[in-house]
Each structure stands twice: as C-alpha cells, then as structure tokens.
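Nothing here was measured: the structure is a model prediction, and the numbers come from that model. Atom set for the values below is all heavy atoms of this structure, side chains included, hydrogens, waters and symmetry mates excluded.
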Amino acid sequence: MSTRFLFIGLLLVVYSSAWAYRPKFNQPAKEQKSILKPRENCSQATKQIDQEINNVRARLTNGGDVWTDGNKGRYIVPKIEAGSGKPEVSSIYAGGVWVGGYDPANSLKFMGQTYRRSTTNECWPGPLNSASEATVESCLNWDQFFTVSGDNIRLLKRNLAAAIATENRYELRADEIPEDIKNYPCRGNNDNFENKYGFSLPNTVAGLALFNDIHQNGIYEPQFGEYPVIDIQGCETTIFADEMIYWIYNDNGGIHTGTNGQAIKMEIQVQAFAFRTADELNDMTFQRYKLVNRAPQAIHGCYFAMWIDPDLGCYTDDYI
C-alpha cells in the first residue's frame with residue numbers, strides 16, 4: 001500500500017449501519033495514556049462548509065469527520081431554505097473514514113475519527129511532507145476547502161470557444177478564467193495557487209486534484225481550457241459536477257487522542273461533489289477518498305471503511 005492509492009466512491013442515499021454510542025460531551029473526559037511519544041502538535045481543524053448545490057445541505061469539515069457541526073448532525077435532505085421557519089432534520093449525525101493495518105514489525109496502526117473534540121482527535125488539516133510529517137505551518141495553511149462550480153467550468157469552455165471562433169486564439173487571458181478554476185490545487189498550478197493563498201503546492205507522486213489534462217503533460221493549464229474533473233476510476237476524464245469541493249487531511253499531525261492508536265502516516269485527499277438535476281441525483285451527494293500511505297514501510301492486513309452514525313429521531317434509538 002506504500003505507493004498505491006485506494007479510491008472509494010460513496011453514494012449517499014440510504015445507510016444501513018449499527019447504532020453507535022454517542023458520548024455526553026458535557027462530562028469531563030477520562031484521562032488517556034497515549035502510546036506515542038510527546039511531540040509538537042498541529043492545531044486542530046477549524047473550517048466547515050456546506051455542500052448545498054442541489055436538494056441536500058451537507059456540512060463538511062476538514063478534520064477527518066463530516067456531516068456534523070460538532071454539536072448536531074448536518075446532513076439535511078430535503079434541505080430547508082433559509083428564512084422558511086421550518087426545522088431542519090438531519091438523517092446523519094457524523095461520519096468518517098477509518099483505516100487500520102500492520103507495519104512490517106506487526107505493530108497495529110489505526111486512524112478512527114469519531115466525535116471530534118480537543119480530547120478526541122485523530123486527524124489534522126493538510127498533506128504530509130517527504131519525511132512523512134505534518135508541520136504546524138502546513139496544518140494552518142491547509143485548514144480550508146477549495147471549491148469549484150460547474151457553472152464556472154461551463155463559462156470557461158464558452159470563453160475558450162469564443163476566443164477560438166473570433167480571434168483564432170487558443171489561450172485564455174487571465175480575466176477570462178474564473179478564479180475558482182484558476183487557483184484550484186492541481187499539479188503544476190503553483191504560481192496561481194501561491195499568488196492566491198500565499199503558500200506552495202506539494203510536489204508528490206500522489207498528485208493533487210484531478211483535471212482534464214488536454215496536453216497530457218501532468219501540468220494544470222487552465223489558460224488552455226483545462227479544469228477540475230471528477231476523480232473516479234472508470235469515469236471519462238472530462239466529466240465534472242455542478243459543485244466540487246476538495247480538501248486534504250492527515251493522521252500524523254499529533255497524538256491520536258481518540259483511539260490512542262499509532263499514526264499510520266496517512267494522507268487523505270477528498271473530493272465531495274454533487275449534481276443539480278431534475279431526477280434522483282438531485283437528492284444525492286458523493287465523496288471520493290484517495291488514501292496515500294506516506295510512511296516509509298508498507299502496511300499489510302489493511303482495512304478501511306466508512307464509519308457512520310445515522311440520526312433517526314433521538315440518538316438513543318438509531319437502529320436500522
């Protein structure tokens with residue numbers, strides 16, 4: 001698994017899941033003894049964003065968990081428009097990807113974010129560097145989301161078609177490229193990205209957000225009509241959604257205080273996307289996870305799955 005990427009396409013319609021115990025957060029946390037040595041910890045993830053291009057309003061967070069604002073579930077279907085006065089009812093309280101496996105010495109490595117608090121944290125924002133570490137500065141820089149809209153991709157395509165038709169010009173000017181497309185974290189887009197965000201993109205084998213590579217050179221060139229696409233194996237390389245949200249997190253920015261597990265040194269690149277349609281797709285959201293083992297050794301006996309706490313009324317009876 002050291003150089004292989006695992007892809008998960010998650011279709012959110014109906015979940016079958018066992019009821020999960022939800023702790024009472026107003027009680028003092030029990031003292032936990034970590035098996036890891038003390039280290040300089042990254043700051044905890046802070047950013048949240050709502051994915052709401054269609055009939056779903058789904059809260060996304062960038063610390064290894066999703067669909068919760070930290071206090072209540074925020075996966076609303078159908079979504080309630082602001083100012084309607086109607087209560088929002090969430091069908092999910094929280095979720096996240098869990099990964100576990102053994103290193104060559106048969107030491108168990110595990111990442112399992114559940115209800116994230118300062119005393120129960122497993123993941124931090126941002127990628128890992130070449131030494132498999134997360135720096136405090138990098139965690140702060142990457143504590144954010146990167147969003148691109150399908151409407152702006154369609155605008156980019158129209159602008160390029162007009163430039164070709166009227167001026168026989170195959171390269172767009174800077175003012176003809178929508179900002180979200182111009183500054184997206186794709187390989188080779190460091191100048192645009194750094195001008196916008198003030199820090200550099202990592203240059204790693206695992207790459208970053210996928211794009212339609214017109215020139216097949218591995219470099220993102222929006223000036224020539226390239227744009228972010230859905231990163232799912234088997235899909236055409238030109239398919240995009242009406243909204244695509246990208247973020248990166250890792251499990252090696254500090255001590256695992258939720259499970260006391262040893263860090264895998266895993267980097268997780270996530271793309272959430274949704275479509276605005278007149279059929280069932282309008283009630284769905286999708287997530288794609290790319291799991292990259294940044295540790296110097298391979299992991300064997302590795303398992304990964306989606307942990308989900310559904311919300312159907314009171315949390316004490318969440319059985320399906």
Rounded distance [0.5 Å steps], [atom1] in [X] versus [atom2] in [Y]:
X      : Y      : atom1 : atom2 : value
Ile177 : Asn192 : CD1   : CG    : 7.0 Å
Gln144 : Tyr246 : CD    : OH    : 12.0 Å
Phe110 : Asp251 : CZ    : CG    : 10.5 Å
Phe273 : Thr285 : CZ    : OG1   : 9.0 Å
Thr238 : Ile214 : OG1   : CD1   : 10.0 Å

Quick one: salt bridge (Lys or Arg N to Asp or Glu O under 4.0 Å) pairs with a partner in [range], sequence neighbours left out?
range            : result
residues 137-148 : Lys47-Asp143
residues 202-221 : none
residues 194-210 : none
residues 82-110  : Arg57-Glu88, Arg74-Glu88, Asp103-Lys109

Do we see a donor-acceptor contact under 3.5 Å between the side chains of Tyr115 and Asp309?
yes

Say whether Tyr289 and Gln269, considering side chains only, have a donor N or O and an acceptor N or O under 3.5 Å apart.
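Short answer, no.
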
Do you reckon [X] sits in the same ILVMFWY cluster as [Y], going by side-chain contacts under 4.5 Å, direct or chained?
X      : Y      : value
Phe240 : Leu155 : no
Ile181 : Phe211 : yes
Ile264 : Val270 : yes
Ile239 : Leu210 : yes

Quick one: do Arg169 and Glu176 make a salt bridge, cutoff under 4.0 Å?
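Between Glu176 and Arg169 there is a salt bridge, with a charged N closer than 4.0 Å to a carboxylate O.
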
So disulfide bond (SG atoms under 2.5 Å apart) across residues 114-166, not counting sequence neighbours, yields Cys42-Cys139

If you look only at pairs with a residue in residues 149-195, which of them pass as a disulfide bond (SG atoms under 2.5 Å apart), with sequence neighbours excluded?
none

Partner set under side-chain contact (heavy atoms from CB on, under 4.5 Å) for [X], not counting sequence neighbours:
X      : answer
Leu201 : Trp142, Pro185, Asn189, Asn190, Phe193, Leu208
Asn54  : Val56, Ala274, Asn282
Asp151 : Ser149, Arg154, Arg276

For Tyr184, what residues pass the ring pair (Phe, Tyr, Trp, His ring centres under 6.0 Å) criterion, not counting sequence neighbours?
none

Mind checking what makes side-chain hydrogen bond (donor to acceptor under 3.5 Å, both in side chains) contact with Gln271, not counting sequence neighbours?
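Per chain and number, Gln271 pairs via side-chain hydrogen bond (donor to acceptor under 3.5 Å, both in side chains) with no residue.
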
For Arg294, run the side-chain hydrogen bond (donor to acceptor under 3.5 Å, both in side chains) check against Asn250, Asn252, Thr204 and tell me which one passes.
Thr204

Residues that Asp65 engages under salt bridge (charged side-chain N to carboxylate O under 4.0 Å, His left out), provided they are two or more places apart:
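Asp65 satisfies salt bridge (charged side-chain N to carboxylate O under 4.0 Å, His left out) with Arg116 only.
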
